[in-house]
Amino acid sequence: MAAIELDGVRKQFGGVTALEGVDLTVEEGEIYGFLGPNGAGKSTTINVLLDFVRPTNGTARVLGHDVREESTAIRERTGVLPEGYDVYDRLTGREHLEFVIDSKDAYVDPAELLDRVGLDPEDAQRKAGGYSKGMAQRLVLAMALVGEPDLLILDEPSSGLDPNGARMMREIVREENERGATVFFSSHILGQVESVCDRVGIIQDGQVIAEDSIENLQEATDVETTLTVSVDQRTDAVVSAVRDVSGVTAVDETGSELVVTCSDDIKMDVLNAIEEAGGEVEDFDTHEPSLEELFAAYTDGTDQPQSRAATAGAEGDA
C-alpha cells in the first residue's frame with residue numbers, strides 16, 4: 001500500500017491556481033524529498049495531505065485513508081513538523097510534549113524524547129517562550145515523534161538549527177525510517193535532502209515536473225560530470241586525445257591533473273583515450289551533479305528534462 005497517493009489534485013484559491021493536476025505516490029517505507037521554488041505549491045500539497053485545505057478537484061489518500069473522510073485516522077498515525085510552527089510561550093517544553101502524549105494516548109517518557117532531540121532536563125522545565133528558534137524546532141520535532149508515527153511529514157525541518165542540530169535531525173530521520181516509518185521531507189537545503197532521501201519529486205507552478213531517484217534524475221539531465229584524472233605524463237598528445245572524445249566539452253590542465261567536463265556515460269572513454277595516447281592513469285575522481293545543480297536544471301528555463309519514471313509513464317500512456 002502506498003503511504004501517500006495524490007491523483008489529479010487541483011487547488012484554486014479564488015482566481016489563483018496553486019496546484020494543477022498533481023499526481024504523486026510515496027511508497028511505504030520511503031524517505032521522499034519534496035522540492036520546489038517558493039510559491040511552487042509545496043505547502044499547499046502538504047496542507048491537502050493534512051486536510052487543512054480541500055482540493056478543488058482530484059483525490060488524496062494517506063496511509064490508505066481518504067483525507068476528506070478520514071482525517072482523524074490519518075492524524076493518529078502521522079507526526080507533523082510544520083514550517084513556522086509557533087510554540088506556546090507559557091508552557092514548558094515538557095508540558096508541550098505531555099499534551100501531545102495525552103492527545104495520542106501514547107506511552108513514552110517525555111524526558112527520553114526531549115533528550116533524543118537535544119533538549120536537556122533544564123530546557124524541559126523552561127517556558128518555551130524563552131526558547132531560541134533552534135530549540136523550538138527541536139521541541140516541535142520531538143512532538144512529531146510521539147507515538148512512533150507510521151508517517152512523518154517534515155516541512156523545512158532544519159529551519160533554525162545549527163549544523164549539529166541539522167545532523168541530529170538527519171540521524172533521527174534515518175532512525176525513524178529504519179523503524180518502519182515513511183518520511184515525506186520538504187526542504188530548501190538540498191544537500192540535506194540529497195543525503196537522506198530515496199526519491200525526489202520536484203514541483204513547479206503547481207505541477208510535479210520530475211520524480212525519480214537522484215541517480216536517475218542525474219542521468220536524465222544535461223548537467224555534466226567533472227572527471228579529475230591524475231596522469232604520469234600530461235603530454236600534448238594526451239590532452240589532444242581527451243579533447244577529441246565525443247561528449248567532452250572542456251579540458252582544464254592543473255599540474256599533473258586533467259579536469260574533464262563531460263557527459264556521465266563517457267568517463268571510461270576518456271580514461272581509455274589517455275592510455276591509448278601513451279599516458280598512464282594514476283588516479284581519478286568524479287564529481288556527479290549535485291541535487292542543487294539538478295534542481296536548477298529542472299526549474300530554470302522552459303525545456304524541462306524528464307526523469308525515467310516520468311518518461312516511462314508518458315510512453316505507457318501513448
Side-chain angles (χ1 to χ4, degrees), residues 3 29 31-32 34 43 46-47 49-52 62-63 65 67 70-189 192-193 195-196:
I31 305 178
Y32 187 95
F34 193 52
S43 294
I46 290 173
N47 287 337
L49 295 176
L50 298 174
D51 196 36
F52 294 159
V62 174
L63 300 172
H65 300 287
V67 296
E70 303 167 285
S71 60
T72 300
I74 292 170
R75 288 173 188 159
E76 288 173 351
R77 299 173 56 193
T78 303
V80 182
L81 193 163
E83 183 182 14
Y85 180 84
D86 291 325
V87 295
Y88 294 95
D89 290 353
R90 297 183 181 181
L91 295 181
T92 66
R94 185 183 180 93
E95 287 170 338
H96 276 83
L97 212 52
E98 287 174 340
F99 175 81
V100 179
I101 291 170
D102 289 343
S103 66
K104 286 199 168 185
D105 197 20
Y107 297 93
V108 61
D109 181 354
E112 223 174 81
L113 200 47
L114 288 167
D115 179 68
R116 187 181 179 194
V117 299
L119 294 175
D120 61 32
E122 184 178 337
D123 297 327
Q125 299 307 320
R126 289 176 55 192
K127 293 189 183 299
Y131 278 14
S132 67
K133 185 175 180 181
M135 291 175 67
Q137 193 76 348
R138 291 170 186 264
L139 175 59
V140 180
L141 177 58
M143 294 163 64
L145 297 174
V146 168
E148 297 191 337
D150 295 317
L151 172 65
L152 278 171
I153 296 178
L154 308 179
D155 193 2
E156 298 292 349
S158 298
S159 178
L161 295 179
D162 60 20
N164 288 333
R167 183 170 59 251
M168 171 273 301
M169 181 274 301
R170 292 194 300 271
E171 290 171 355
I172 288 175
V173 165
R174 293 189 187 102
E175 290 167 359
E176 290 297 295
N177 182 245
E178 289 171 2
R179 175 182 62 76
T182 304
V183 183
F184 189 80
F185 186 117
S186 175
S187 177
H188 71 283
I189 304 176
Q192 295 183 2
V193 175
S195 68
V196 298

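The first residue in the sequence is number 1, and the count goes up from there.
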Between Arg75 and Leu50, is there a donor-acceptor pair closer than 3.5 Å when you use the side chain of the first and the backbone of the second? yes

Looking at CG of Leu151 and OG1 of Thr78, how far apart are the two atoms once the value is rounded to the nearest 0.5 Å? 4.5 Å

Filter on salt bridge (Lys or Arg N to Asp or Glu O under 4.0 Å), then keep only pairs touching residues 95-114, sequence neighbours left out; what's left? Arg94-Glu98

Any idea how Phe34 and Phe184 line up, ring-wise: parallel (<30°), tilted (30 to 60°), or perpendicular (>60°)? tilted

Using side-chain contact (heavy atoms from CB on, under 4.5 Å) as the criterion, list what pairs up with Ser103, not counting sequence neighbours. Val100

Any donor-acceptor pair under 3.5 Å linking the side chain of Asn177 with the backbone of Gly29? yes

Contacts of Asp155 that satisfy side-chain contact (heavy atoms from CB on, under 4.5 Å) - sequence neighbours left out: Ser43, Ile46, Glu83, Ser186

Output all residues satisfying side-chain contact (heavy atoms from CB on, under 4.5 Å) with Arg179, sequence neighbours left out; order by chain, then residue number. Glu148, Pro149, Glu176, Ala181

Check side-chain hydrogen bond (donor to acceptor under 3.5 Å, both in side chains) between Arg167 and all other residues, then give those that pass, not counting sequence neighbours. Asn164

In terms of heavy-atom contacts, Leu161 and Ala166 come closest through CB-N, 3.9 Å

With sequence neighbours left out, write down each residue that passes ring pair (Phe, Tyr, Trp, His ring centres under 6.0 Å) with Phe185, or none if nothing qualifies. none

For Glu70, enumerate each residue passing the side-chain hydrogen bond (donor to acceptor under 3.5 Å, both in side chains) test, keeping only those at least two apart in sequence or located in another chain. His65

side-chain hydrogen bond (donor to acceptor under 3.5 Å, both in side chains) partners of Asp150, counting only residues at least two apart: Arg77

Can any side-chain N or O of Thr92 pair as donor or acceptor with the backbone N or O of Lys127 at less than 3.5 Å? no

On a heavy-atom basis, which atom in Pro82 and which in Val80 lie closest, and how many Å separate them? CD-O, 3.5 Å

Partners of Glu175 by side-chain hydrogen bond (donor to acceptor under 3.5 Å, both in side chains), sequence neighbours excluded? Arg116

Under 3.5 Å, which donor-acceptor pairs link side chains of residues 131-145 to any protein atom two or more places apart or in another chain?
unit_1 : atom_1 : unit_2 : atom_2 : d
Tyr131 : OH     : Asp123 : O      : 2.5
Ser132 : OG     : Met135 : N      : 3.2
Lys133 : NZ     : Ser159 : OG     : 3.4
Gln137 : NE2    : Glu156 : O      : 3.0
Gln137 : NE2    : Pro157 : O      : 3.1
Arg138 : NH1    : Val117 : O      : 2.9

On a heavy-atom basis, which atom in Ala106 and which in Val146 lie closest, and how many Å separate them? CB-CG1, 3.9 Å

Just grab all the ring-ring contact (aromatic ring centres under 6.0 Å, His included) pairs involving residues 89-128, residues at least two apart or on different chains. Tyr88-His96

I want to check something: taking the side chain as every heavy atom from C-beta on, are Leu113 and Leu97 in contact at a cut-off of under 4.5 Å? yes

For residues Asp115 and Asp120, determine if any side-chain heavy atom of one lies less than 4.5 Å from a side-chain heavy atom of the other. no

